[in-house]
Each structure stands twice: as C-alpha cells, then as structure tokens.
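Model, not experiment: these values are computed from the prediction.
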Amino acid sequence: MNHIPTIGIVGGIGSGKSTVASLFASQGCAVANADENAKKAFEILEVQNQIQDWWGEQIYNSKGDLDTKKIASIVFSDDSERKRLESLIHPIVARFQQEIFDACGDGVIAYVIDAPLLFEAGLELQCDAIVFVEASQETRLRRVLSARGWGENELVTREASQLPLDKKRKKADYVIINEGDLSAVEHRVKEVLEEIRNSDST
C-alpha cells in the first residue's frame, strides 16, 4: 500500500490558506481545517461549561451563544489564558482531524492540515511536507478588513501570539504566493502536490 503524504499549510492571517487548501481538495486531497474544527469544539457542552467556569457569564452574548469576540479579547491579551484555552481545544481539534482522515476513501491522494497554529500545536510532526502561503501585509490587511472587519491593530495583535512569519517560512518546504491570481495559485498547487507525491514515492 502506497504511503499517503500529509501536507501542512501555514501562513499569515489573511494569506489565503483556506483558498489554497480548497485547491488541494479539488485535486483529490482530504482537508482538515483547524478553524472549522475549533468552531465545532466550541459547540460541545462540556467545553462551554469549562469556559464559563473560567470566565463567567460574560462570554455569552444576549442570545445566550458563546461570544467569540469576548473570548478573543480575553485570550489575545493574556498569554496564560490563551494557552489554557488551547490546552482545552487542541486535543478536540486533533480528534476531529483524525476522524476526517479516517473517513476518507481509497481515492484520496494526500491529507492536508490547514492550521494557523500548526507549529505551535506540534502538528508539523505529522507532516511529510509544509507549505507556506505568502501574501503581502497590505494584501492580508485588505482581506481581513473585508472579511472580518479587522483593523491593522487587530491583525498585529493576533499575529503576535503566533510564530513569526519569517520563521514559519524558513520551516516550510514549499512556498505558494497568493496575491489574488487564482489561476497562478492553482498552477502552483498542482506543481507542489506533484513534487510532494513524487518525492514521497521515491
């Protein structure tokens, strides 16, 4: 049985990691999106109860749902609180990821982990190759402003809690530039995937 490679995707906030991941998916890869799996983790009652024990009723909005903005304001202003939350959420996200990969059929050609905290969570140890998605600060800021309503301060604050971009890039095996030319990105994804599969089979 041929080994199925696992590919990790990293990059700055707003670099378009999920776009790149979806292009890998279109080529026959199975993708586990850590952000989506984290959202599912927050829906678990035991998780909500634990977070409420830590931070009280303030973490709910007027509808009684978890207020992710309030949680973000807590964890991104206090490293110890962020690490405490990550210790709760990361194992659940890892379980969801494994369930996605286990459910794949025989036709899958690679597993892809799309995780902003790939290195911070130690997930690179599961990967045969790391892909860094690169986009300029201006491009990323424009994207997060449009998609999430963030200003520059929010982007800088959140990225300060992650491994610096230059270190992520140095740890990566491949770079995919994503400044908005989707056809160029798709071409590069196919190129990278072919290289990974070829190197993995030798």
Side-chain angles (χ1 to χ4, degrees), residues 1-13 15-55 59-61 64-76 78-133 148 158-159 161-163 168 171-173 193 196-197 200:
M1 181 178 171
N2 290 333
H3 172 69
I4 300 173
T6 298
I7 303 166
I9 297 181
V10 297
I13 298 171
S15 60
K17 296 183 295 296
S18 294
T19 297
V20 169
S22 69
L23 290 170
F24 274 104
S26 72
Q27 298 301 311
C29 301
V31 176
N33 182 301
D35 280 346
E36 290 178 5
N37 287 331
K39 287 177 185 175
K40 285 169 58 182
F42 279 112
E43 294 170 3
I44 298 171
L45 184 60
E46 289 81 2
V47 170
Q48 294 182 8
N49 289 341
Q50 180 61 76
I51 293 173
Q52 184 177 336
D53 284 346
W54 289 341
W55 301 319
I59 50 103
Y60 293 101
N61 60 26
D65 300 320
L66 281 181
D67 190 326
T68 53
K69 287 186 177 179
K70 286 182 181 175
I71 294 172
S73 70
I74 293 169
V75 300
F76 288 111
D78 187 327
D79 278 350
S80 63
E81 296 287 23
R82 177 175 54 80
K83 289 173 182 174
R84 181 160 69 160
L85 180 63
E86 288 173 356
S87 70
L88 174 67
I89 298 297
H90 283 178
I92 300 170
V93 170
R95 189 179 80 231
F96 287 156
Q97 173 188 301
Q98 195 57 50
E99 288 172 359
I100 290 169
F101 292 161
D102 287 346
C104 293
D106 294 335
V108 67
I109 62 173
Y111 301 123
V112 174
I113 303 173
D114 176 9
L117 301 177
L118 188 93
F119 293 117
E120 293 87 342
L123 293 173
E124 81 278 9
L125 300 176
Q126 301 176 22
C127 299
D128 299 289
I130 306 292
V131 173
F132 180 83
V133 182
R148 312 181 198 186
R158 297 221 180 194
E159 286 204 326
S161 69
Q162 300 183 11
L163 191 70
K168 287 185 180 182
K171 287 174 176 281
D173 303 291
L193 182 58
I196 292 170
R197 295 184 73 204
D200 198 65

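With sequence neighbours left out, the ring-ring contact (aromatic ring centres under 6.0 Å, His included) criterion links F96 to no other residue. With sequence neighbours excluded, no residue forms a side-chain contact (heavy atoms from CB on, under 4.5 Å) with S73.
Here the closest non-hydrogen pair linking A115 and V10 is O-CG1, 4.3 Å.
From L88, atom CG reaches atom CH2 of W54 across 4.5 Å, with rounding to the nearest 0.5 Å. Atom NZ in K40 sits 12.5 Å away from atom CD1 in I89 (nearest 0.5 Å). Atom CD1 in I74 sits 7.5 Å away from atom CD1 in I59 (nearest 0.5 Å). Atom CD1 of I4 sits about 9.5 Å away from atom CD1 of I109, to the nearest 0.5 Å. Rounded to the nearest 0.5 Å, atoms CG (N49) and CD1 (I44) are 11.5 Å apart. Taken to the nearest 0.5 Å, the CD atom of E124 stands 9.5 Å off from the CG atom of L163.
A salt bridge links E86 with R82: the closest approach of a Lys/Arg side-chain nitrogen to an acidic carboxylate oxygen falls below 4.0 angstrom. For R84 and E81, the salt-bridge test passes: some basic side-chain N is under 4.0 Å from an acidic carboxylate O.
Checking Q97 against Q126 by side-chain atom types alone, a donor-acceptor pair falls below 3.5 Å. Remark: the S18 side chain and the D114 side chain contain an N/O donor-acceptor pair separated by less than 3.5 Å.
Open room surrounds NZ on K39; 12 or fewer heavy atoms of other groups in view lie less than 6.0 Å from it. By the 6.0 Å contact criterion, NZ on K83 is open, its count of non-hydrogen atoms from other residues, nucleotides or ligands being 12 or less.
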